[in-house]
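Structure first, commentary second.
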There are 2 protein chains.
Amino acid sequence: MTEPNAGLPIQDSPFARKLSAFVRLSQTDLAVMSDLYRRRRVFPVGVDVIHQGQTDQCAYVLASGWACSYKILPEGTRQIVDFQIPGDFLGLRSVLFRTADHNVEPITPVHASEVTQRDLLAAFAETPRLATAVLWAASRDEAMVVEHLVDLGRRSATERMAHFLLELGARLRLVGMGDRTGYLCPLSQYLLADALGLSAVHVNRVLRELREEGLVTFQKGRVTFEDYDGLVTFAGFDRSYLDHEGPLLM
Amino acid sequence: MTEPNAGLPIQDSPFARKLSAFVRLSQTDLAVMSDLYRRRRVFPVGVDVIHQGQTDQCAYVLASGWACSYKILPEGTRQIVDFQIPGDFLGLRSVLFRTADHNVEPITPVHASEVTQRDLLAAFAETPRLATAVLWAASRDEAMVVEHLVDLGRRSATERMAHFLLELGARLRLVGMGDRTGYLCPLSQYLLADALGLSAVHVNRVLRELREEGLVTFQKGRVTFEDYDGLVTFAGFDRSYLDHEGPLLM
DNA sequence: GCGGCGGGCTGATATGGATCAGCATCCCCC
DNA sequence: GGGGGATGCTGATCCATATCAGCCCGCCGC
């Protein structure tokens, strides 16, 4: 397999693009970031990136591919907490805990850069602006989990799916992997079910319903928005927690 | 109203007690913390501490009383994301966003110390160890939200309630407000319903069920564990995400 | 060329929890 | 001392979603 975006200038990496939505990154920031990108690793499907209960994990920045973080329950079912796309951290939270409290598993083959606790703190010391940006990224991750929690607690299955597809679209657009018309999406209906707290059967029916309503189509690995504004209204989607209009910190 | 724990030495404050579960705090750390505690405010029930959509919010450290953070949905219902008890941050996440993405409302009268973004970054510069501790506290908050998400996604109403009561108990014990036999709890069944994604009616039935099973009793503002180990098993509760055995960082 | 398997799809039936309606108690305020 | 607003509690009914069962299709390995 060829290394995706190997020759990409650092400011065009998904990670830099995402952080740029929050702070304006200087040449120094970019150089330090470039350093973080050094230790590249590849995870094929089936090899966990982070394993629940394991100690002394390090974190990763996802360069290409899709992953998901999840928790396993005693009965054997699982709850997917979130999906990760290029530019996202994998296991940032678990760096601070003695043992990882969740799993991260690749959905497609994954290229990721290893970041140890030491690397991160060193980078922070060098450019505090980057520290702020990373803290922002972590806050954004938490905001997404909160929104996901609202999904599960108070939205119907159909609203939940609509909201989820919109959020994913907005995130992908931020790193240049989709536009207002839709995006490529490697998630199976089983994965959606594990994420949305539904059964796979019901995911199928909900997708059909959204398709028949003329709102979104999810077929053959592509999500196509047929009526974006209608979908936003239906889902009660407010993207303000995902970015700002233009960088905040200069 | 008299100021609760006004004369309390700083190392006995709930905030210090909680952070001590993670790092060993030096005299300097405690002094800087004492400084953060300076600007005290009081919020009676009915006055929001943080208001969704408002800009330039600051955060607070809760000194006494209970609060809850929640999101309002277009239809008028709400989802409570978490309850805050003494020692917890209020709105830490919203300091980094231009506008707050959630509400925080007192459940009982609340005493809290105001912390601005500037205060926080200044304190971090002074004692990096405190920065790590705060980052840990934030990670722990996120871990709790994640566990809450698993509650809503994959646990039955009864397991969910059991898990919730256990988690709350463990948190309260960490700040000295409860023990293995139980704790005082000012939450109404309506609040529980908004948090657990249930109807108030069903909350009532679930509590009855747990009582009749001889696991927990929640009556007259007190939660009493009748069979702690049984409850832990029933809920699949693993408290490892809430603390460590002894401080990690020396 | 065929068997196995993952994934999408669908109908029938079961069920957990919502919703609606109403009563009892306590407490606060007039 | 009486009225009204929270809060707790309970029964009856309804509905969203789970569960079970099975089919079809395309892909991969042998």
Side-chain angles (χ1 to χ4, degrees), chain A residues 44-46 66 68 73 75-79 105-108 151-162 164-165 184-213 216-224 234, chain B residues 44-46 66 68 73 75-80 105-109 151-162 164-165 184-213 216-224 234:
Chain A
V45 177
W66 291 53
C68 70
L73 296 181
E75 322 94 73
T77 61
R78 68 170 180 174
Q79 174 66 44
E105 143 187 318
I107 290 168
T108 69
D151 268 352
L152 293 177
R154 290 292 162 195
R155 284 194 253 260
S156 73
T158 321
E159 291 168 333
R160 211 180 295 177
M161 178 67 76
F164 171 80
L165 294 176
L184 293 176
C185 179
L187 305 179
S188 72
Q189 295 183 348
Y190 285 87
L191 285 170
L192 290 174
D194 282 346
L196 300 180
L198 300 171
S199 67
V201 174
H202 203 58
V203 164
N204 185 285
R205 296 194 229 270
V206 163
L207 286 175
R208 169 154 53 100
E209 194 188 323
L210 287 171
R211 195 185 326 130
E212 286 172 355
E213 294 285 332
V216 235
T217 305
F218 185 176
Q219 263 167 346
K220 306 252 164 211
R222 184 178 160 83
V223 174
T224 310
F234 174 73
Chain B
V45 177
W66 290 54
C68 69
L73 296 181
E75 315 95 88
T77 59
R78 70 171 178 172
Q79 173 66 44
I80 291 181
E105 151 187 313
I107 290 168
T108 70
D151 269 351
L152 293 177
R154 290 290 162 197
R155 282 194 254 260
S156 74
T158 321
E159 291 168 332
R160 212 181 293 178
M161 177 67 77
F164 171 80
L165 294 176
L184 293 176
C185 179
L187 305 179
S188 71
Q189 296 184 349
Y190 285 87
L191 285 170
L192 289 174
D194 282 347
L196 300 180
L198 300 171
S199 66
V201 174
H202 204 58
V203 164
N204 186 285
R205 296 195 227 272
V206 163
L207 285 175
R208 170 154 52 100
E209 195 187 323
L210 287 171
R211 194 185 327 129
E212 286 171 355
E213 294 285 331
V216 236
T217 305
F218 185 175
Q219 263 166 346
K220 306 251 165 209
R222 179 173 166 86
V223 174
T224 310
F234 174 73

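Every heavy atom of this structure was used, including side-chain atoms; hydrogens, water molecules and symmetry mates were not. Protein chains get the first letters and strands the later ones, always in sequence-line order, with residue 1 at the start of each. Owing to the predicted nature of the structure, the values given are computational and were not obtained by experimental measurement.
Contact annotation for Gly221(B): no contact, since no heavy-atom pair falls under 4.0 Å across all strands.
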All N/O pairs under 3.5 Å across the protein-nucleotides 4-9 of chain D interface:
residue : atom : partner   : partner atom : Å
dG8(D)  : OP2  : Gln189(B) : N            : 2.8
dC9(D)  : OP2  : Gln189(B) : NE2          : 2.8
dC9(D)  : OP2  : Asn204(B) : ND2          : 3.3
dC9(D)  : O5'  : Asn204(B) : ND2          : 3.3

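Protein atom CG of Asp151(A) is 16 Å distant from nucleotide atom C1' of dT17(D), rounded to whole Å. Per the geometry, CG belonging to Leu198(B) stands 15 Å off C1' belonging to dA16(D), to the nearest Å. Per the geometry, NZ belonging to Lys220(A) stands 8 Å off P belonging to dC27(D), to the nearest Å. Distance, Leu152(A) CG to dT17(D) C1': 14 Å, rounded to whole Å.
Across all non-hydrogen atoms, the minimal contact from Arg154(B) to Asp194(A) is NH2-CA, 3.5 Å. Among all heavy-atom pairs drawn from Leu210(A) and Met161(A), the shortest one is CD1-CG, 3.6 Å. Scanning both residues, Gly197(B) and Gln79(B), for their nearest heavy atoms gives CA-OE1, 4.2 Å. Minimum interatomic distance between Ala193(B) and Ala200(B) (heavy atoms only, all atoms of both residues): CB-N, 3.6 Å. The two residues Pro106(B) and Pro44(B) make their nearest non-hydrogen contact at CG-O, 3.5 Å. Nearest heavy atom pair, residue Leu152(A) against residue Ala195(A), reads CD2-O, 4.3 Å.
Between Val203(B) and Phe218(B), every side-chain heavy-atom pair lies at or beyond the 4.5 Å cut-off. Using a 4.5 Å heavy-atom threshold, the side chains of Phe164(A) and Leu187(A) count as touching. Taking the side chain as every heavy atom from C-beta outward, Leu198(A) and Arg160(A) approach each other to under 4.5 Å.
In the 5' to 3' direction, nucleotides of DNA chain C lying under 4.0 Å from heavy atoms of chain B begin and end at dG17(C) to dC20(C).
His202(B) NE2 to Leu207(B) CG: the interatomic distance, rounded to the nearest 0.5 Å, is 10.5 Å. Annotation: the span from Gln189(A) atom CD to Leu191(A) atom CG amounts to 10.5 Å, rounded to 0.5 Å.
Contact annotation: side chain of Arg155(A) to base of dT17(D), donor-acceptor pair absent below 3.5 Å.
End-to-end axis angle of the helix from dG1(C)-dC30(D) to dC30(C)-dG1(D), from C1' rotation axes over five pairs per end: 40° (rounded to 10 degrees).
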